[in-house]
Amino acid sequence: MKNYDHKKIEKKWQGIWDKNETYKTSNSTKDKKMYVLDMFPYPSGVGLHVGHPRGYIGSDVYARMKRMEGYNILHPMGYDAFGLPAEQYALEHKIHPKKAVDENVKTFERQLSMIGLSYDWSRKINTTDPKYYKWTQWIFLQIYNSWYDKTKDKARPILELENIFEKSGNLKVNAVCNINTDNFTSKQWCNFSKKEKNEILMKYRLAYEGYSEVNWCKEMGTVLANDEIVQDSNGNSVSERGGYPVEKKLMRQWFMRITAYAEKLLVGLDDLEWSDHIKEIQKNWIGKSEGSIVKFPVNNMDTNIEVFTTRIDTIFSGTFLVLAPEHVFIQKNKNIISNISLVEKYLEEVKNKLDTERTDESNKTGVELKGVSVINPANGKEMSVWVSDFVLGSYGTGAVFADAHDKRDFDMAKKYNIPLAVSIRPEDDILFEKVKRLEECFSDEGILFNSGEFDGLTSKEARPKIIEWLASKNFAIKTTKYKMRDAVFARQRYWGEPIPLKHNTDGTISELKGKDLPLELPNVKSYESIGTGESPLAGVKSWVKEGYETNTMPGWAGSSWYFLRYMDPQNPKNFASKKAIDYWKNVDVYVGGQEHATGHLLYSRFWNNFLYDMGYVLTKEPFKRLKNQGMILATDGRKMSKRWGNVINPDDIVNNYGADTLRVYEMFMGPFDQSLPWSTESIIGSRRFIDRAYRLQEKVINKKSSKDLEKNLHKVIKKVTNDIENFAFNTAVSSMMIFINEAEKEEFIGEKDFKMFLQILAPFAPHITEEIWVGLGEKKTIHRSSWPKYDKKKIIDETIKIAIQVNGKVRSEIIVGNDEEEEIVKNLALKDENVVPWLENKEIKRIIYVKGRIVNIVV
RNA sequence: GCCCGAGUGGCGGAAUUGGUAUACGCGCACGACUUAAAAUCGUGUCUCGUAAGGGAUGUGGGUUCGACCCCCACCUCGGGCACCA
């Protein structure tokens, strides 16, 4: 029998499946349903390389099995096409980004199709389609029109907040909001102007206007993303294109108050079937710290400086305070700082440092605020006050107290000769008189001294007691802080969703009404930067005249909710119908790269949690189960990239070996979540496997297979079913290879059994299995046939092999009945001819029997 | 620097999670078929040793009747965070 012609067969079946809508999601509402989703791609200009489809193939194998198991499958695909790369591609090729995206999508779609993925293409979405981004804008407005109520621990409409303000002011409102919100009564609120009200509400909104520093390139007249900045030979930050200097610039932005959801995003992880690795990354990113805020009274002033600390047990050794350069205390008290000119000079220096230049940890810089001192509330001692850029204005309270136990504080003290102290007993061999850092003491188990009544307690024990003690004197309060920051939700670029807000002439901001959505991107001749750092939209007269917001949304906007749109992709009235959301609820299995751990996966969870609060979706979490595919590296072990010239194109592989071979190989090459180097040399093994399966047809007759083969078959059905469920595709393929090896040794193979084998192979090699299946007379597609069930009785081994060890070394094997009694097995082992010599003249101390596995004789 | 994860043949990897290490595949060698080659099929393939037997899962120790698996220390590689108080 000749080998099969993959080119002919694969094309043929793809056409037939397409025509028959084999993979179309049913509109039925049967209970057995499953939503299997791939992270949708960014359609770049260069098309797919052989690594991209790995995740798609894995999810496809899974979806195909589940479909055969009788589930109604939602398995869609779409394109995430807004963002910087498309814009850059367009700039380079001098075409409109829209056109670039259309071209790239075409390439992607052709390449995805040739692999035989079982998507329901009728549900395709594209984030740049106004019919799609209408709803991105709509969700943005819901977020914009909401605030976070800490008491109820959920988001609520901003209208309800206005009502509260009207009735009782903001004194009792417990909300997550921007700092510097002054208190006001209901009466005061009612007397505020429209603009004032607008500004106050802005501090509470979950999407709010603010300012942040951006990377500004004067020469290019544009704001750069971190990816667009490189270090030149002198270590200065310059633009990747052109090598122009980059500096910091304060720009108007929009923010998303993701910090309001920090705790929910942290706690929510517990119930998710995600890898511990990704959970760990998100946990670290959220960065929860429990500690306390301590007040340090300023000498000769009626004010305090507040410090956040997780190690209040070290407060007794605090000898100085360090403020962040942006700390308001400095701005407010210039008159009492005697060396203010020196301080201001330092602040100026710091201001011009880019983040990348600020990370020299070994070299601390700073200036003492002369004329200012504070009192250590724990022991009444006087402490000097410093300003240094190692303290971050954006974390905690923007101030720390310093002592010898912390490396950073220690470095600072050493450089400027500031006195240090310790309050946790040092190990005897550490000469802390010489001001060596006492890291060993900085553990939870360190013993306190120099701390009055707390002496002798461990740090861990002392901490709550010290907080309580200081709190009773009103010097401390227990607090939790998170490292996560609010997300910037604005880009000074053209190619993104317009933000559906208007700036009115009276200084207020108003949102577009639902009926005015989508606010479409204006078609402009030049979408290049206009030189001010603002988005090109700021150069569009009609746009500016209307007062439309000129920032556009960031790349992650459209991808933060797309999984909901697939449920009901054409709905013109809602982002998805209630019925569809009710039915599909959330994504059951989500497959994608782990590089999105702190971006997309966090933002999506945030939006979904928000939509849940507002009653638009039924589950808090969008992705119940997450599987991350490993990257396929080039043969040289590096990432595949045009730059290295090591890219393997799937077109060539499909052309030479066929899609089925590519699929089997990518599943077989190693564990799904592991990064692996590609090897075109090895792929032939997968093709041989398929060829052998194909040739096995010759042995098929309408008879019962041998007992052995039957047993092997049912074992492999069990194994493959379990393995696909667990995304252990590599061992699933290997077990099918073993089955083929066994089957080839047989005289013949029963038709029924062979068909069952085809069925379990079908998710991996959909084309060739369909070809053989139909060739054997089946009328309906194999991909809608029902998944074979293994027969428990048929996989029982009547006899089992037991290894016999003497002192843990294997000396022999015996074959016994599958539930032979322990005593009999032990006796057989002792009498075994290969074992006896090892027991001569020895006293048997113990015999250990592990049922069905080994006997270990200890002498 | 801190926090994770991983180290098994020439190569990709498997090992029922403490129970016969190296399944399956690639490569390689030899053989069959062939005028010949390709393809295909068969046999072999961790290592030392003629053998009996010994040694091997990054290195060194430990726990155990028994360790790739658990514990301690170290080395190497990969990932995340990065002055987070």
Measure centre to centre between the rings of A:Tyr482 and A:Trp285, then say whether the value is under 6.0 Å. no

Please work out which residues in residues 595-605 of chain A have a non-hydrogen atom less than 4.0 Å from an atom of RNA chain B and list them by number. none

Between the protein and nucleotides 30-33 of chain B, which nitrogen or oxygen pairs are less than 3.5 angstrom apart?
none

Using a cut-off of strictly less than 4.0 Å, decide whether A:Arg688 has a side-chain nitrogen or oxygen near OP1 or OP2 of B:C26. yes

Heavy-atom nearest nucleotide on RNA chain B for A:Ile802 versus A:Ser675: which residue maps closer to 5'? A:Ser675

Kindly indicate, with the supporting measurements, whether the criterion salt bridge (Lys or Arg N to Asp or Glu O under 4.0 Å) is fulfilled by A:Asp797 and A:Lys711. CA-CA 8 Å; A:Asp797 291 306; A:Lys711 189 199 286 175; 3.0 Å; yes

Report the nucleotide, chosen from B:A14, B:C83, B:U20, that has the shortest atom-to-atom distance to any side-chain atom of A:Asp389. B:C83

Starting at atom CD of A:Glu742, determine the distance to atom P of B:A23, rounded to an integer number of angstrom. 14 Å

For the C1' atoms, the ones on B:C48 and on B:U63, what distance do you get once it is rounded to whole angstrom? 30 Å

Can you tell which of B:G25, B:C26, B:G79 lies closest to the side chain of A:Phe668? B:G25

Less than 4.0 Å between a side-chain N and a carboxylate O, is that true for A:Glu666 and A:Arg54? no

Looking only at non-hydrogen atoms, find the nearest pair between A:Ala476 and A:Ile312 and report the distance. CB-CD1, 4.4 Å

If the cut-off is 4.0 Å, is A:Lys715 near the phosphate of B:U16, judged by side-chain N/O to OP1 or OP2? no

Using the P atom in both, what is the distance from B:C81 to B:U17, to the nearest Å? 35 Å

Please report the closest heavy-atom contact between A:Ile760 and A:Met736, naming both atoms and the distance. O-SD, 3.9 Å

A:Arg811 atom CZ is separated from B:G66 atom C1', nearest whole Å, by 13 Å

Counting heavy atoms from C-beta on, name the nucleotide in B:G13, B:C24, B:C83 closest to the side chain of A:Asn730. B:G13

Quantified in whole Å, what is the P atom distance between nucleotide B:G58 and nucleotide B:C69? 8 Å

Against the side chain of A:Trp285, the closest entry in B:G12, B:C26, B:C81 is B:C81

Across the strands shown, which category fits A:Ile684 at heavy-atom distances under 4.0 angstrom: base, sugar-phosphate, nothing? sugar-phosphate

Does B:A85 have OP1 or OP2 sitting under 4.0 Å from an N or O in the side chain of A:Arg311? no

Please report the distance, rounded to the nearest Å, between CG in A:Asp409 and C1' in B:A85. 7 Å

Just to be sure I understand the rule, does A:Gln594 reach a base, reach only the sugar-phosphate, or reach nothing, if contact means heavy atoms closer than 4.0 Å? sugar-phosphate

Check whether any side-chain N or O of A:Gln674 sits under 4.0 Å from OP1 or OP2 of B:G13, and answer yes or no. yes

Heavy atoms only: give me the nearest A:Trp678-A:Met669 pair and the separation to one decimal. CA-CE, 4.2 Å

Length of the CG-C1' vector between A:Asp406 and B:A85, whole Å: 6 Å

With P as the reference atom in both, quote the distance from B:G19 to B:G13 in angstrom, rounded to an integer. 23 Å

Regarding A:Tyr346 and A:Thr365, do their side chains bring together a donor and an acceptor under 3.5 Å, going by distance alone? yes

Length of the CD-C1' vector between A:Gln805 and B:A67, whole Å: 12 Å

Select one nucleotide: of B:A85, B:G12, B:C26, the one nearest the side-chain heavy atoms of A:Leu392. B:A85

Do the side-chain N or O atoms of A:Asn741 get closer than 4.0 angstrom to the phosphate oxygens (OP1, OP2) of B:G25? yes

Where does the angle between the aromatic ring planes of A:Trp386 and A:Tyr416 fall among parallel (under 30°), tilted (30 to 60°) and perpendicular (over 60°)? tilted

Picking from B:G25, B:G13, B:C83, the nucleotide nearest the side-chain atoms of A:Phe390 would be B:C83

Need one value for A:Thr309: base, sugar-phosphate or nothing, where a base atom within 4.0 Å counts as base even if backbone is also close, heavy atoms only. sugar-phosphate

Please work out whether the ring planes of A:Tyr694 and A:Tyr4 are parallel, tilted or perpendicular, with thresholds of 30° and 60°. tilted

Please give, in whole Å, the distance from B:G5 C1' to A:Asp673 CG? 11 Å

What residues from residues 847-859 of chain A pass a heavy-atom cutoff of under 4.0 Å to RNA chain B? A:Ile848, A:Val850, A:Arg853, A:Ile854, A:Asn856, A:Val858

Quiz item: A:Lys845 side-chain donor-acceptor pair to B:C65 base, under 3.5 Å: no

A:Ser289 side-chain proximity, nearest of B:G12, B:C83, B:A85: B:A85

Would you confirm whether the ring centroid of A:Phe296 sits within less than 6.0 angstrom of the ring centroid of A:Phe401? yes

Rounded C1' spacing from B:C77 to B:C28 in Å: 28 Å

Work out how far the P atom of B:G31 is from that of B:A36, and round it to whole angstrom. 13 Å

Tell me the interatomic distance from A:His405, atom NE2, to B:A85, atom P, rounded to whole angstroms. 17 Å

Using distance alone, with no hydrogens and no angle criterion, decide if A:Thr598 and A:Tyr603 have a side-chain donor and acceptor under 3.5 Å apart. no

Spacing of the P atoms in B:C33 and B:C24 (rounded, Å): 27 Å

Side chain of A:His277 - closest among B:C4, B:C24, B:U20: B:C4

SB check A:Lys415 A:Asp411 (cutoff 4.0 Å): no

B:G9 to B:G60 separation - P atoms, rounded to the nearest Å: 15 Å

Salt bridge check: are A:Arg638 and A:Asp636 linked by an N-O gap of less than 4.0 Å? yes

Within 90° of 0 counts as syn, otherwise anti: where does B:G9 fall? syn

